[in-house]
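Here the structure comes first, spelled out in structure tokens, and everything after it is commentary.
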There are 2 protein chains.
Amino acid sequence: MNNPLIRKLEKFTKLSSGEMQVLEQVAAEGLRQLGTREDIIREGDRPQALNLILSGWACRYKHLEDGRRQIMAFFLPGDLCDNHVFVLREMDHSVGTLTPVTFAQIPRRRIDEITLSHPRVTQALWWASLVSTAIQREWTVSLGQRDALERMAHLLCELFVRLRVVGLTEENRCELPLTQAELADAMGLSTVHVNRTLQELRAAKLIILKGRTLTIPDLEALQSAAQFNPNYLHLEHEGQHLDAND
Amino acid sequence: MNNPLIRKLEKFTKLSSGEMQVLEQVAAEGLRQLGTREDIIREGDRPQALNLILSGWACRYKHLEDGRRQIMAFFLPGDLCDNHVFVLREMDHSVGTLTPVTFAQIPRRRIDEITLSHPRVTQALWWASLVSTAIQREWTVSLGQRDALERMAHLLCELFVRLRVVGLTEENRCELPLTQAELADAMGLSTVHVNRTLQELRAAKLIILKGRTLTIPDLEALQSAAQFNPNYLHLEHEGQHLDAND
DNA sequence: GATTGCCGGTAACCCATGTTAAAGCGGTCG
DNA sequence: CGACCGCTTTAACATGGGTTACCGGCAATC
């Protein structure tokens with residue numbers, strides 16, 4: 001089970017082997033590969049399929065007319081870009097890769113089939129999509145209220161925890177394949193200030209960041225610097241959520 | 001049809017009179033009323049029902065430990081607070097009123113019934129929920145990239161257009177029952193700077209704001225000051241989106 | 001092994017926005 | 001009627017973060 005989607009959904013609910021097989025197969029079907037800094041889908045396109053990231057990092061972003069860019073979300077392995085977008089006529093933003101990416105394009109019909117025949121998977125996908133909108137809200141809080149240091153620390157906590165869910169951390173380390181310019185576009189800061197802020201986090205011994213490897217010597221310390229409360233990731237489950245109505 | 005939800009969904013798809021009746025009835029069932037500045041649901045609560053705002057304004061917000069507060073969304077008549085939240089164990093934020101509010105609490109079971117028997121309504125609710133997450137993303141863009149003037153202008157455009165959808169504007173006017181402190185909490189600005197910014201918009205003749213009434217003499221001018229592109233509200237439909245798979 | 005381009009790092013300066021404080025201005029309630 | 005309260009407005013001052021500009025390392029390319 002190296003499928004990161006399954007790994008993630010299992011944080012929410014136990015899946016039967018049949019359900020896992022369905023997910024495995026769906027992921028194996030419409031496989032695609034892209035290099036660094038290519039678009040998976042563009043603003044204005046008509047959404048046709050649901051994209052599932054299998055390896056590599058991508059992001060959701062939007063350009064303003066004068067060239068400013070905001071990254072609105074990072075997509076990690078196991079993340080789906082927008083459940084149910086096909087209801088909309090056209091994309092209001094773009095999704096692009098940050099590293100080489102492998103992803104699966106899941107056609108609308110496949111989703112509908114799964115929804116009809118696998119209620120527990122449906123609910124787990126619901127959960128995943130609620131979590132990703134909760135992440136979006138938390139970014140609103142960061143951008144609106146947190147200063148540069150808290151904001152960076154918060155993002156790093158979030159990414160670390162999300163990567164851990166899909167098994168992409170080792171002890172207190174993970175990959176962080178983002179340039180400082182990309183971090184800046186995500187956090188609404190200038191690249192210069194991202195650099196200052198990272199220095200400050202390093203000086204405070206809250207992070208070790210060398211090359212593409214992030215090490216967090218003391219996660220609790222970083223969390224408290226960020227006022228990071230993981231509740232919005234909804235990882236605490238209580239067994240089966242499924243009841244007779246689903 | 002003074003039901004604002006129906007009004008809104010009809011921007012997406014035509015509803016049959018039967019479908020409208022179902023929605024009317026659902027809205028009439030679990031009616032509740034609250035005064036100004038009360039909570040509809042609180043962080044930590046277990047979500048039990050879907051709340052539909054029928055009149056008045058509410059907001060989604062979160063407090064940080066040190067008292068800072070971020071308003072993450074405004075809810076207007078016709079807005080649903082979080083389709084499908086009941087999948088989650090507990091709320092990661094609160095929803096509170098900004099004015100006296102009438103809302104309907106729709107129990108989970110009713111939603112499931114509608115979903116099973118009225119695919120077109122289901123799809124319209126999907127659309128509404130996709131639009132509200134698109135709004136959340138646009139706030140990320142505002143907070144990350146737009147300066148105070150663009151940000152305020154953008155918010156006012158958005159609120160005006162959303163109110164117009166549910167028939168709550170008259171020509172170029174609408175109610176704006178928000179204090180400057182509430183605007184500040186939403187836009188990540190200080191109250192002082194909100195005041196400065198509103199003065200600036202007034203001086204530029206982009207808005208007339210007196211008491212709780214907002215007048216926009218020239219919507220296009222305001223939109224262009226804000227770089228407001230309404231595409232993210234997905235109001236341009238192309239007739240029936242419903243096909244055989246739904 | 002020179003050239004080019006990308007990325008991280010720094011420094012000097014500047015401005016948008018925050019902070020603090022205080023005054024004005026209706027409403028409303030006792 | 002007077003006192004209070006919530007809200008807006010203004011002013012003086014402080015600062016976090018933006019801008020511009022430059023350096024150096026390093027990997028890919030020829």
Side-chain angles (χ1 to χ4, degrees), chain A residues 35-38 57 64 66-71 97-100 142-156 175-204 207-214 225, chain B residues 35-38 57 64 66-71 96-100 142-155 175-204 207-214 225:
Chain A
T36 300
R37 241 153 284 184
E38 300 191 63
W57 290 40
L64 299 191
D66 51 15
R68 285 176 282 178
R69 164 171 104 138
Q70 177 68 34
I71 290 180
T97 62
L98 297 165
T99 67
S142 276
L143 290 168
Q145 302 299 328
R146 297 194 240 261
D147 67 23
L149 192 88
E150 296 171 310
R151 219 184 279 181
M152 272 298 315
H154 199 280
L155 177 66
L156 297 178
E175 293 285 296
L176 190 79
L178 301 173
T179 66
Q180 294 185 355
E182 285 155 351
L183 285 168
D185 284 347
M187 308 303 278
L189 298 169
S190 65
T191 55
V192 174
H193 204 63
V194 165
N195 188 283
R196 288 196 273 247
T197 305
L198 290 174
Q199 304 293 359
E200 206 181 332
L201 286 168
R202 282 194 264 243
I207 64 168
I208 302 165
L209 181 55
K210 226 186 294 181
R212 328 232 95 169
T213 303
L214 170 68
Chain B
T36 301
R37 240 153 285 185
E38 300 190 65
W57 289 40
L64 299 191
D66 51 15
R68 285 176 282 179
R69 164 170 103 138
Q70 178 67 35
I71 290 178
T97 63
L98 297 165
T99 68
S142 276
L143 291 168
Q145 303 298 329
R146 299 194 238 263
D147 66 23
L149 193 88
E150 296 171 311
R151 218 184 281 181
M152 270 299 315
H154 199 279
L155 177 65
E175 293 284 298
L176 191 79
L178 302 173
T179 66
Q180 294 185 359
E182 285 155 351
L183 285 168
D185 284 346
M187 308 303 279
L189 297 170
S190 65
T191 57
V192 174
H193 204 63
V194 164
N195 188 282
R196 288 196 272 247
T197 306
L198 290 173
Q199 303 295 359
E200 206 181 334
L201 285 168
R202 282 194 263 245
I207 64 169
I208 302 166
L209 182 56
K210 226 186 293 179
R212 329 233 92 170
T213 304
L214 170 68

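The chains referred to below are lettered A, B, ... by the order of the sequence lines, with proteins before strands, and numbering in each begins at 1.
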Quickly work out the Asp147(A) CG to dT17(C) P distance and round it to whole Å.
-> 17 Å
Spacing of Lys210(B) atom NZ relative to dC25(C) atom P, expressed in whole Å = 16 Å
Closest non-hydrogen atom pair, Gly35(A) against Glu38(A) | N-OE2, 2.6 Å
What distance do [X] atom [atom1] and [Y] atom [atom2] have between them, rounded to the nearest 0.5 Å?
X	Y	atom1	atom2	answer
Thr197(B)	Leu155(B)	OG1	CG	12.0 Å
Leu143(A)	His154(A)	CG	NE2	11.0 Å
Ile208(A)	Leu201(A)	CD1	CG	12.0 Å
Arg212(A)	Thr99(A)	CZ	OG1	9.0 Å
Lys210(A)	Leu176(A)	NZ	CG	15.0 Å
Arg68(A)	Arg146(B)	CZ	CZ	7.5 Å

First and last nucleotide of DNA chain D, 5' to 3', lying under 4.0 Å from heavy atoms of chain A | dG17(D) to dT20(D)
Whether Thr97(A) side chain and Pro100(A) backbone form a donor-acceptor pair below 3.5 Å = no
Rounded to 10 degrees, the angle between the two terminal axes of the helix from dG1(C)-dC30(D) to dG30(C)-dC1(D), each from five pairs | 30°
Would you tabulate the nitrogen or oxygen pairs shorter than 3.5 Å linking the protein to nucleotides 5-7 of chain C?
residue: dC7(C); atom: OP1; partner: Arg37(A); partner atom: NH1; Å: 3.4
residue: dC7(C); atom: OP1; partner: Arg37(A); partner atom: NH2; Å: 3.2

Using a heavy-atom cut-off of under 4.0 Å over every strand shown, decide if Arg202(A) touches base, sugar-phosphate, or nothing.
-> sugar-phosphate
Go through Arg37(A) and Leu98(A) one step at a time and tell me if the side-chain contact (heavy atoms from CB on, under 4.5 Å) criterion holds.
-> CA-CA 5 Å; Arg37(A) 241 153 284 184; Leu98(A) 297 165; 6.0 Å; no
Listed in order of residue number, which residues of residues 188-199 of chain A have a non-hydrogen atom at under 4.0 Å from DNA chain C?
-> Val192(A), Asn195(A), Arg196(A), Gln199(A)
Which pairs of donor and acceptor atoms, one on a side chain in residues 183-192 of chain A, lie under 3.5 Å apart (sequence neighbours left out)?
residue: Asp185(A); atom: OD2; partner: Arg69(A); partner atom: NE; Å: 2.8
residue: Asp185(A); atom: OD2; partner: Arg69(A); partner atom: NH2; Å: 3.4
residue: Ser190(A); atom: OG; partner: His193(A); partner atom: N; Å: 3.1

Which residues pass the side-chain hydrogen bond (donor to acceptor under 3.5 Å, both in side chains) test with Gln180(B), sequence neighbours left out?
-> Asn195(B)
